[in-house]
Amino acid sequence: MMDMEGVEDTVRCEDCGSRNLDLDDKRGEITCLDCGLVLQEAIVDQGPDWRSFDEGGDNARTGAPMNVMMYDKGLSTDVDWQNKDYSGKRLPGTTRAQFHRLRKWQARARVSKHLDRNLSVAFNEIQRMGGNMGLPKSVREEAAVYYRRAVDNNLIRGRSIDAMAAACLYLANQKIGSARSLDDMVKGTRVGRKPLTRSYKILKKTLRLRLNPVEPEVYVNRYCTELGLRPEVESKVKELIKGGRKRDLVDGRSPTGVAAAAVYIAAKLEGQPRTQREIADISGVTEVTIRNRYKEFCAAMNIELE
DNA sequence: AAATTAGGTTACGCGAC
DNA sequence: GTCGCCAAACCTAATTT
């Protein structure tokens, strides 16, 4: 039933059969332009995990899960086919009509159940992983949108949900600039580096995503915060990176390395020095790399440290 | 703590298979 | 899709200043 060519050729409006559909990235909706039916929504919100996970973690929950990100959008109760109420009496005509509509909507929600289940699991994963490494809600929402588009483009079959979910998170993270490196992702998701990057590439390619290359500036705020540096240091860091970019010391190098080195220099210049080791620990960049970068900077920009 | 050195590893684009 | 190749950027580890 599904063919390999992507959403335009395969998805029709469930109500009127029109192929005239509109995909709204921002809101994550697919809307039929002919009848106005919203086919798919990325309903994303924070909520407690309700799936059990193998390794520890706090999966405790109180009360019913919020009906967010549920694969069937909360229509989880069946509507009885008989036109009778709970006591067996026949329903009056108007009520029957209402139930007819209910059934219709329910059938609709069932159409692509297997895909929706996949989405359900994936959304949970995105929530869990994202929450795990403290990614803001906006990133997780964006990731969910990407995942749904991955499903729409038949990218899921034969790939692990976890890897794809992690890849979506990584993409969203880059788009929004939440300052997580690939290393951070690997650590925070327990998805291997290989499958993660593989899914990431496929996703990026087939969705034709154009992302700005990650700039070192993205990491500056986080590094400074984690090192307890004053705001002045932070602006000094950005200044340094700017200068470095002019002198071609930035492009082609790993943004984390450049950021880490600039932080090292700025911290020292501003009288709030941190050791290379400290910076290496929080940034995941080795001391050696920090040294290489910061020496390049000093040499090219006539910076004297002491 | 910082620097140096040596040697191994990864990412990436691309073409071949 | 995977493999092999490339060079540069990075890494680890040991040692010295």
Side-chain angles (χ1 to χ4, degrees), chain A residues 2-6 150 153-164 166-167 169-171 173-174 179-220 222-223 226-229 233 237 240-241 244-306:
Chain A
M2 286 291 211
D3 109 45
M4 298 290 136
E5 285 310 309
N153 287 58
N154 287 318
L155 261 37
I156 306 302
R157 193 177 303 190
R159 272 182 265 278
S160 99
I161 294 177
D162 283 359
M164 189 56 81
L169 263 181
Y170 186 42
L171 274 170
N173 156 71
Q174 292 195 338
R180 298 304 188 283
S181 65
L182 184 57
D183 273 334
D184 295 328
M185 295 303 297
V186 172
K187 276 180 201 139
T189 62
R190 74 163 191 269
V191 171
R193 184 180 209 92
K194 272 249 175 77
L196 177 32
T197 51
R198 183 173 308 167
S199 294
Y200 166 77
K201 282 179 197 165
I202 288 166
L203 206 48
K204 199 169 140 189
K205 183 171 264 181
T206 57
L207 296 188
R208 300 211 170 81
L209 259 27
R210 268 250 137 259
L211 292 164
N212 306 329
V214 177
E215 312 267 349
E217 280 92 341
V218 164
Y219 297 101
V220 173
R222 203 178 105 219
Y223 291 174
E226 288 187 37
L227 290 166
L229 293 167
V233 181
V237 174
L240 285 167
I241 295 175
R245 185 171 287 119
K246 272 191 201 122
R247 280 153 251 241
D248 219 19
L249 300 174
V250 174
D251 290 342
R253 277 82 198 257
S254 100
T256 49
V258 173
V263 166
Y264 176 73
I265 299 173
K268 198 164 232 181
L269 286 178
E270 295 289 323
Q272 232 188 333
R274 293 293 181 272
T275 67
Q276 295 173 355
R277 180 76 255 153
E278 287 175 296
I279 299 177
D281 282 340
I282 59 101
S283 66
V285 178
T286 62
E287 291 169 279
V288 178
T289 300
I290 294 177
R291 269 195 289 277
N292 290 337
R293 289 297 84 81
Y294 110 74
K295 281 181 157 183
E296 288 172 358
F297 265 69
C298 290
M301 300 170 75
N302 301 320
I303 299 172
E304 303 279 347
L305 291 185
E306 248 23 81

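By convention in this document, chain letters (A, B, ...) are assigned in the order of the sequence lines, proteins followed by strands, and residues within each chain are numbered from 1.
For the pair A:Lys201 NZ and C:dG1 P, the interatomic distance rounds to 13 Å; values are reported in whole Å. Between the CG atom of A:Leu182 and the P atom of C:dA9 there is a distance of 19 Å, given to the nearest Å. Rounded to whole Å, the distance from CZ on A:Arg253 to C1' on C:dC10 is 12 Å. A:Tyr200 has its OH atom 12 Å from the C1' atom of B:dC12, to the nearest Å. In this structure, A:Tyr170 atom OH and B:dA11 atom C1' are separated by 11 Å, rounded to whole Å. Nucleotide B:dA2 holds its P atom 12 Å from the CG atom of A:Asp281, rounded to whole Å. Between the P atom of C:dA9 and the CG atom of A:Asp248 lies a distance of 11 Å, rounded to the nearest Å. C:dA9 atom P lies 21 Å from atom CD of A:Glu287, rounded to whole Å.
Of the two residues near DNA chain B, A:Tyr264 and A:Asn292, the one whose nearest nucleotide lies more 5' is A:Tyr264. Position along DNA chain B of the nearest nucleotide to A:Lys268 versus A:Val288 favours A:Lys268 as the more 5'-ward residue.
Using a 4.5 Å cut-off on side-chain heavy atoms (C-beta onward), A:Ile303 and A:Leu269 make contact. Residues A:Leu229 and A:Glu270 have side chains not in contact (no heavy-atom distance under 4.5 Å, counting atoms from C-beta outward).
Nucleic acid contact class of A:Arg198 (heavy atoms, under 4.0 Å, all strands): sugar-phosphate only. Among the protein residues, A:Gly252 comes within range of the sugar-phosphate backbone only, with heavy atoms under 4.0 Å from sugar or phosphate atoms but none that close to a base. Base engagement by A:Arg291 is indicated by at least one non-hydrogen atom pair under 4.0 Å involving a base atom. Nucleic acid contact for A:Gly284: sugar-phosphate only, since backbone atoms but no base atoms lie under 4.0 Å from a heavy atom of the residue.
Taking side-chain N and O atoms only, A:Thr289 has no distance below 4.0 Å to OP1 or OP2 of C:dC10. Contact between the side-chain N/O atoms of A:Ser254 and the OP1/OP2 oxygens of C:dA9 is not found at any separation under 4.0 Å. OP1 or OP2 of B:dA11 lies within a sub-4.0 Å distance of a side-chain N or O belonging to A:Arg193.
Looking at every heavy atom in both residues, A:Pro216 comes nearest to A:Ala259 through O-CB, 3.6 Å. Closest approach of A:Tyr170 to A:Arg180, counting heavy atoms only: CE1-O, 3.8 Å.
Using a 4.0 Å cut-off between charged nitrogen and carboxylate oxygen, A:Lys187 and A:Asp183 do not count as a salt-bridge pair.
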